[in-house]
Amino acid sequence: MYGLWKPRVLGAWKVPATGPVIFAVNHSHYVDGPMVMGVAPRPTHFLIKKEAFVGPLNPFLTGIGQVKVDRASADRTAIGRALGVLEAGGVLGIFPEGTRGTGDFASLRAGLAYFAVRSGAPVVPIAVLGSSDRRGRLFKGLPPLRSRVDVVFGDPFEAGDGSGRRTRKALDEATERIQKQLTAHLENARRLTGR
């Protein structure tokens, strides 16, 4: 990442040094996940749509520990692998909106709340800014080479209410809490970076 762009990383010291952690990353461009993996202080295992595991990317993504997920159904294999990452004290990366979009955390899917409540792992909000501002001249699908991309890590927070409940109501409440935290972090990241 540092060879292709100029990442500016803010707040990486906030990531807990040990134990399970969930990275909740906004997603507006293809490079957001690789950018976080490249600059994060700990190895990260992202939930990635199965459609990305094609050709030579399949053995590469599998080899670096990324988790293939079928978004069309409740993918029990992916859920088990993701929970395994957290049970082993690792970092699980999730795009809470479920797909690329505006990257503003406006509509969250329930997966992040499920993993956070089920595992008890703290959630670290991450805002990637500048990856979708402009298109590159050489590679139209990528940000311009050597352009600045900001990666802003936020304060870890607990998504659950502390009761350990995993009911539909508890997950809905956790999703609301998560959305408020992520939206506030994104606003703060935009203020800090001027984006």
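Please read all numbers here as calculations on a predicted model, not as lab measurements. Excluded from the calculations below are hydrogen atoms, water molecules and symmetry mates; all remaining heavy atoms, backbone and side chain alike, are included.
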Quick one: pull up CZ in Arg42 and CZ in Phe23 and give me the separation to the nearest 0.5 Å.
7.0 Å

Ala174 and Ala113: which non-hydrogen atoms are nearest, and at how many Å?
CB-CB, 4.0 Å

Check whether any side-chain heavy atom of Leu192 lies under 4.5 Å from a side-chain heavy atom of Val152, and answer yes or no.
yes

Heavy atoms, side chains only, cut-off 4.5 Å: are Val85 and Arg81 in contact?
no

For Leu86 versus Val21, what's the shortest heavy-atom pair and its separation?
CD2-O, 3.5 Å

Side-chain heavy-atom pair Phe157, Asp155 within 4.5 angstrom cut-off
no

Grab the two heavy atoms, one from Ala82 and one from Leu47, that are nearest each other, plus how far apart they are.
CB-CD2, 4.1 Å

Side-chain donor-acceptor pairs under 3.5 Å in residues 50-66, sequence neighbours left out?
unit_1	atom_1	unit_2	atom_2	d
Asn58	OD1	Thr62	OG1	3.3
Thr62	OG1	Asn58	O	2.8
Gln66	OE1	Phe46	N	2.6
Gln66	NE2	Thr44	O	3.2
Gln66	NE2	Ile64	O	3.2

With salt bridge (charged side-chain N to carboxylate O under 4.0 Å, His left out) as the criterion, how do Lys169 and Glu173 come out once you've worked through the C-alpha distance, each side chain's angles and the decisive distance to 0.1 Å?
CA-CA 6 Å; Lys169 184 177 183 212; Glu173 290 169 356; 3.7 Å; yes

Looking at CD1 of Ile22 and OG of Ser119, how far apart are the two atoms once the value is rounded to the nearest 0.5 Å?
4.0 Å

Does a side-chain heavy-atom distance below 4.5 Å link Asp32 with Val149?
no

For the CD atom of Glu158 and the CD atom of Gln181, what is their distance to the nearest 0.5 Å?
10.5 Å

Rounding to 0.5 Å, atoms CD1 (Ile126) and CZ (Phe95) come to a distance of 9.5 Å

For residues 6-16, which side-chain N or O atoms pair as donor and acceptor with protein atoms under 3.5 Å away, sequence neighbours left out?
unit_1	atom_1	unit_2	atom_2	d
Arg8	NE	Asp150	OD1	2.7
Arg8	NH2	Asp150	OD1	3.3
Arg8	NH2	Asp150	OD2	3.1

Which atom pair, heavy atoms only, marks the closest approach of Ala78 to Val67?
O-CG1, 3.8 Å

Atom pair CD (Glu187) and OG1 (Thr183), whose distance is rounded to the nearest 0.5 Å
6.5 Å

Closest non-hydrogen atom pair between Val124 and Gly154, with its separation
CG1-O, 3.6 Å

Nearest 0.5 angstrom please: Asn26 CG to Leu182 CG, how far?
9.0 Å

